[in-house]
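Each remark here refers to the structure printed beneath this line.
Heavy atoms only: backbone and side chains are in, while hydrogens, waters and symmetry mates are out.
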There are 2 protein chains.
Amino acid sequence: MHVTITDNQPLVFRAEAQKILQDAQTAASICPVRHVLDRIGDKWSLLCILHLGATDTLRFNELRKQIGDVSQRMLTVTLRSLEADGLVQRHVYAEVPPRVEYQLTPLGHSLLVAFSGLGTWANAHAQEVAQARQAFAAREKSEG
Amino acid sequence: MHVTITDNQPLVFRAEAQKILQDAQTAASICPVRHVLDRIGDKWSLLCILHLGATDTLRFNELRKQIGDVSQRMLTVTLRSLEADGLVQRHVYAEVPPRVEYQLTPLGHSLLVAFSGLGTWANAHAQEVAQARQAFAAREKSEG
DNA sequence: CGGCATCCCGGATGATACTG
DNA sequence: CAGTATCATCCGGGATGCCG
């Protein structure tokens with residue numbers, strides 16, 4: 001998606017934001033956007049979704065290895081939460097040693113698609129953000 | 001965006017996720033996705049961005065009122081963080097009483113666009129997630 | 001009005017040890 | 001292998017009070 005930004009064009013964006021906020025206030029007094037963010041805004045959920053989305057099916061320790069620095073406990077907790085939300089499917093095989101496989105549900109896939117925009121943004125603008133932060137720190141220092 | 005999900009089609013999603021993860025591992029050892037998520041994954045950042053995107057320019061207490069239940073402290077902290085990241089512009093008017101206005105930068109607008117997919121997903125699937133959670137809770141209870 | 005400093009609590013997260 | 005249980009820790013974030 002290519003976006004050109006001029007002085008008088010942010011109306012497009014404004015409409016976007018207004019639509020989200022408006023839809024968000026329909027049903028309950030609790031904004032669904034905040035609700036979902038509370039769920040997947042934690043440290044590991046989206047990483048799990050990304051990795052599961054990238055590899056289709058993963059065993060517990062495979063997923064753990066891919067993410068790298070997640071503790072066993074937190075991976076368990078996170079996966080349970082995702083399972084409860086209907087985003088991840090858990091499949092236990094009655095074997096010795098045990099084997100447990102995880103994969104995204106259709107709902108999880110749809111979230112992955114919705115998230116892809118944010119993911120590509122992160123990769124595209126990471127440097128820009130880093131620079132902005134440096135500039136801000138410098139400004140603060142000189143004014144401090 | 002309309003998405004049809006069949007058994008043999010998740011390759012599309014897999015490619016999505018793989019691309020994000022792949023891009024994310026290029027530059028540094030620190031994944032930009034996680035970095036950005038750490039920034040905007042907190043309780044208030046995205047809400048600020050949404051409201052600023054919806055209204056263009058807002059004063060401190062206007063924004064606070066719109067969000068509703070954010071403490072003064074957290075709104076300040078959040079806005080500072082967003083400013084440091086180059087997502088929000090802060091404008092102080094030398095008046096008495098003081099007036100401080102906030103608005104999104106172009107970078108902030110681009111993030112809003114990237115986020116819109118997630119926002120609409122949240123609104124569209126909030127109910128589905130709620131149902132899944134209920135079903136999960138019921139399952140857990142019966143299995144005890 | 002907008003913001004900073006201080007205190008403090010609770011939940012999120014980690015480390016470690018044990019189990020089916 | 002894939003957890004569960006327990007304890008320790010850390011930090012987000014709320015409450016309050018003061019300031020320019």
Side-chain angles (χ1 to χ4, degrees), chain A residues 34-48 51-52 55 57-85 88-103 136-137 139-141 143-144, chain B residues 31 34-48 51-52 55 57-85 88-103 136 139-141 143-144:
Chain A
R34 293 173 70 167
H35 213 250
V36 171
L37 278 179
D38 282 350
R39 289 270 138 189
I40 62 163
D42 72 303
K43 209 172 173 183
W44 306 113
S45 292
L46 270 174
L47 281 173
C48 286
H51 281 281
L52 285 175
T55 325
T57 300
L58 283 174
R59 299 181 58 170
F60 184 86
N61 277 334
E62 287 175 348
L63 181 53
R64 189 178 174 192
K65 192 177 172 186
Q66 286 208 8
I67 295 181
D69 57 340
V70 61
S71 68
Q72 191 178 42
R73 173 193 155 83
M74 285 319 296
L75 185 54
T76 302
V77 171
T78 302
L79 286 171
R80 283 294 185 286
S81 169
L82 292 175
E83 188 193 0
D85 290 351
V88 161
Q89 174 113 31
R90 181 165 174 266
H91 202 105
V92 184
Y93 295 87
E95 303 175 357
V96 184
R99 179 163 55 109
V100 182
E101 290 185 346
Y102 295 89
Q103 59 182 335
F136 183 82
R139 223 180 308 146
E140 226 182 11
K141 201 174 184 179
E143 290 174 3
Chain B
C31 165
R34 293 173 70 166
H35 213 248
V36 170
L37 278 178
D38 282 350
R39 290 270 137 188
I40 62 165
D42 72 303
K43 208 170 173 184
W44 306 114
S45 292
L46 271 173
L47 281 173
C48 287
H51 280 281
L52 286 176
T55 326
T57 299
L58 284 173
R59 298 182 58 171
F60 184 87
N61 276 333
E62 287 174 347
L63 181 54
R64 187 177 176 194
K65 193 176 170 186
Q66 287 209 7
I67 295 181
D69 57 340
V70 61
S71 68
Q72 193 178 42
R73 169 195 156 83
M74 285 321 295
L75 185 54
T76 303
V77 171
T78 302
L79 286 171
R80 282 293 184 285
S81 169
L82 292 175
E83 188 194 359
D85 290 351
V88 162
Q89 175 111 30
R90 182 168 175 263
H91 202 106
V92 184
Y93 294 87
E95 301 175 359
V96 184
R99 179 162 55 107
V100 182
E101 291 184 348
Y102 295 89
Q103 58 180 336
F136 184 82
R139 223 179 309 145
E140 227 182 8
K141 200 174 183 178
E143 292 174 3

*Counting any heavy atom closer than 4.0 Å, what does Tyr93(A) reach on the DNA or RNA strands: base, sugar-phosphate only, or nothing?*
nothing

*Give the first and the last nucleotide of DNA chain C, reading 5' to 3', that has any atom under 4.0 Å from a heavy atom of chain A.*
dT13(C) to dG20(C)

*Minimum-distance nucleotide (side-chain atoms of Arg73(A) versus dG3(D), dG14(D), dT6(D))*: dT6(D)

*Round to a whole Å and report the spacing from NZ of Lys65(A) to P of dC1(D).*
11 Å

*Among dG13(D), dA2(D), dG3(D), which is the nearest nucleotide to the side chain of Met74(B)?*
dG13(D)

*asked:* As a test of understanding, state which of Glu83(A), Arg90(A), His51(A), Glu62(A) forms a side-chain hydrogen bond (donor to acceptor under 3.5 Å, both in side chains) with Tyr102(A).
replied: Arg90(A)

*side-chain contact (heavy atoms from CB on, under 4.5 Å), paired with Gln66(B), selected from Leu58(B), Leu47(B), Asn61(B)*: Leu58(B)

*Passing option when Ser81(A) is tested against Thr78(A), Val77(A), Asp85(A) for side-chain contact (heavy atoms from CB on, under 4.5 Å)*: Asp85(A)

*Return the value, rounded to whole Å, for the distance between atom CZ of Arg90(A) and atom P of dC1(D).*
16 Å

*What distance do Ile67(B) atom CD1 and Lys43(B) atom NZ have between them, rounded to the nearest 0.5 Å?*
11.5 Å

*Can you check the Leu79(A) CG to dC1(D) P distance for me, whole Å?*
17 Å

*How long is the span from the CG atom in Leu82(A) to the CD atom in Gln89(A), to the nearest 0.5 Å?*
13.0 Å

*Rounded off to whole Å, could you give me the CD-to-C1' distance for the Glu62(A) and dA2(D) pair?*
13 Å

*Please confirm whether the backbone N or O of Arg59(A) pairs with a side-chain atom of Arg99(A), one donor and one acceptor, at under 3.5 Å?*
no

*Measure the distance from CZ on Arg39(B) to P on dC11(D) and round it to the nearest whole Å.*
14 Å

*To the nearest Å, give me how far apart CD (Glu95(A)) and C1' (dG3(D)) are.*
16 Å

*If you pin Val70(A) and Pro98(A) to their nearest nucleotides in DNA chain C, which one's is more 5'?*
Val70(A)

_Length of the line joining Gln72(A):CD and dC1(D):P, which is rounded to integer Å_ = 11 Å

